[in-house]
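Structure, as structure tokens:
For reference, positions follow the sequence shown, starting with 1. Because only heavy atoms are used, hydrogens play no part in the values below, and waters and symmetry mates are left out as well, while side chains stay in. Everything numeric here is computed off the predicted structure, so don't read it as measured data. Numbering of ligands and ligand atoms starts at 1, following listing order.
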Amino acid sequence: MVVDMGKRILLLGAPGAGKGTQSKRLAETYDIDHVTTGDALRANKDMETEYGTPRSFMEKGELVPDAVVNEIVEAALEDADGYVLDGYPRNLSQAEYLSEIADLDAVLSLEVAESELVERLTGRRVCSECGTNFHVKFNQPEEAGVCDECGGELIQRDDDTEETVRERLSVFEENTEPVIEHYRDEGVLVEIDGEQTPDEVFDDIVDSLDDA
Ligand code: AP5
Ligand code: MG
Ligand code: ZN
């Protein structure tokens with residue numbers, strides 16, 4: 001099939017399911033924007049809002065208030081031709097908001113068991129310059145602590161400690177599982193086995209997009 005330049009893809013999944021890893025590849029392959037609330041919030045951690053800074057929520061593993069996040073997404077989607085949306089919506093109220101501002105071509109969910117998620121997150125290392133993800137065991141850089149893509153320093157995210165990871169997983173279960181349920185009920189959800197290698201996961205995603 002001819003690649004549709006304007007694809008609008010929603011990629012759902014638990015913390016550590018591989019949303020960022022796969023979104024980066026999708027954005028490159030389909031020449032679309034990678035719209036990710038997590039990265040946008042990390043870049044504006046100390047921004048003052050009427051609710052407090054994003055940092056005050058993120059370092060505890062809690063959700064940043066909907067009003068702040070909705071505004072970020074609306075602005076990003078307005079400017080985008082096609083996009084892959086990663087990390088949003090995270091509760092039913094955000095899903096409702098999204099349905100008013102966007103028409104999606106595909107809704108995918110990366111399925112990974114909880115025990116695997118904890119290991120992925122506590123072992124993740126992120127490039128401080130370009131944001132590329134690595135893992136101390138599953139996705140090692142050629143040289144420890146150094147980004148393969150740009151030579152930047154690899155760091156651990158503040159919220160990737162075991163305690164905060166557990167909290168993020170429980171916030172996911174309570175708030176975001178119902179969002180996945182909602183798209184399943186609508187009959188639009190495509191579930192992808194996220195426990196394969198990153199290449200295999202990507203192939204399954206591309207297959208499902210080409211079938212859509
Ligand atoms: P966010 O940045 O979105 O974090 P998250 O949802 O917890 O997801 P992650 O980024 O941790 O995981 P990922 O699925 O992207 O996995 P990755 O590809 O990195 O959000 C952070 C915080 O911001 C939230 O807690 C909240 O406070 C706030 N926030 C964000 N959006 C919000 C919203 N909409 N509303 C309110 N608040 C919001 O992979 C993980 C690791 O596994 C990596 O090391 C990777 O190398 C490895 N890996 C990836 N794929 C594989 C594979 N197939 N096999 C083995 N290892 C793999
Ligand atoms: Mg991510
Ligand atoms: Zn880098």
>> How large, to 10°, is the angle at the Zn ion (ligand 3) when you draw lines to SG on C150 and to SG on C147?
In response: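 Result: 110°, to 10°.
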> How many degrees, to 10°, between C127 SG and C130 SG as seen from the Zn ion (ligand 3)?
Replying inline: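 The angle at the Zn ion (ligand 3) comes to 110°, rounded to the nearest 10°.
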So for [X], does at least one of its heavy atoms come nearer than 4.0 angstrom to any atom of ligand 1?
X    : result
G16  : yes
R157 : yes
A14  : yes
Q196 : yes
E195 : no

I need the nearest protein heavy-atom contact for [atom]: residue, atom name and distance, please.
atom                    : answer
atom 22 (C) of ligand 1 : M58 CE, 3.9 Å
atom 16 (O) of ligand 1 : G18 N, 3.2 Å
atom 29 (N) of ligand 1 : L41 CD1, 3.4 Å

> With a 3.5 Å cut-off and no angle check, do the side chains of N91 and D66 form a donor-acceptor pair?
Replying inline: yes
Side chains of [X] and [Y] in contact at under 4.5 Å (non-hydrogen atoms):
X    : Y    : answer
P65  : F57  : yes
T21  : F202 : no
P15  : V171 : no
T164 : D158 : no

What are the atoms of ligand 1, with element, lying closer than 4.0 Å to any heavy atom of [X]?
X    : value
R168 : 4 (O), 5 (P), 7 (O), 9 (P), 11 (O)
N133 : 17 (P), 18 (O), 19 (O)
N139 : 46 (O)
F134 : 43 (C), 44 (O), 46 (O)
R42  : 2 (O), 21 (C)
G20  : 13 (P), 15 (O), 18 (O)
F138 : 55 (C), 56 (N)
T21  : 17 (P), 18 (O), 39 (O), 45 (C), 49 (C)

Between [X] and [Y], is there a donor-acceptor pair closer than 3.5 Å when you use the side chain of the first and the backbone of the second?
X    : Y    : result
S128 : I155 : no
D148 : E142 : yes
E116 : A113 : no
K19  : A14  : yes
D105 : I9   : no

> Between T197 and ligand 1, which part of the residue brings a heavy atom under 4.0 Å of the ligand: side chain, backbone, both or neither?
Replying inline: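 It is the backbone that gets close, since no side chain atom is under 4.0 Å.
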Examine [X] against ligand 1 and note whether any of their N/O atoms are separated by less than 3.5 Å.
X    : answer
Q94  : yes
T37  : yes
V64  : yes
E62  : yes
Y88  : no
D160 : no
R124 : yes
V201 : no
K19  : yes
L63  : no

> Among Q140, R125, R90, which one has a heavy atom closest to atom 5 (P) of ligand 1?
Replying inline: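 The option holding the nearest heavy atom is R90.
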> Among R120, E167, K137, whose heavy atom sits nearest atom 52 (C) of ligand 1?
Replying inline: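 Result: the heavy atom closest to atom 52 (C) of ligand 1 is in R120.
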>> Please identify which of these residues, H34, K24, Q22, meets the side chain to side chain donor-acceptor pair (under 3.5 Å) condition with D86.
In response: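 It is H34, the one option of H34, K24, Q22 that forms the side chain to side chain donor-acceptor pair (under 3.5 Å) with D86.
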>> Could you report the tightest heavy-atom contact between L110 and A17, atom names first, then the distance?
In response: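 Minimum heavy-atom separation between L110 and A17: CD1-O, 3.6 Å.
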> Looking at C147 and T132, what are the two nearest heavy atoms and their distance?
Replying inline: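 Looking at all heavy atoms of both residues, the closest pair is SG-CB, 4.4 Å.
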>> Nearest 0.5 angstrom please: R124 CZ to N139 CG, how far?
In response: 11.5 Å
> To the nearest 0.5 Å, how far apart are OG1 in T37 and CG in D39?
Replying inline: 8.5 Å
> Salt bridge check: are E181 and R184 linked by an N-O gap of less than 4.0 Å?
Replying inline: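 Salt bridge between E181 and R184, a charged N being under 4.0 Å from a carboxylate O: yes.
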> So, D160 and R168, do they make that salt bridge, N to O below 4.0 Å?
Replying inline: yes
> Between D203 and R25, does a salt bridge (charged side-chain N to carboxylate O under 4.0 Å, His left out) hold up when you go through it step by step?
Replying inline: CA-CA 11 Å; D203 287 346; R25 296 184 181 203; over 6 Å; no
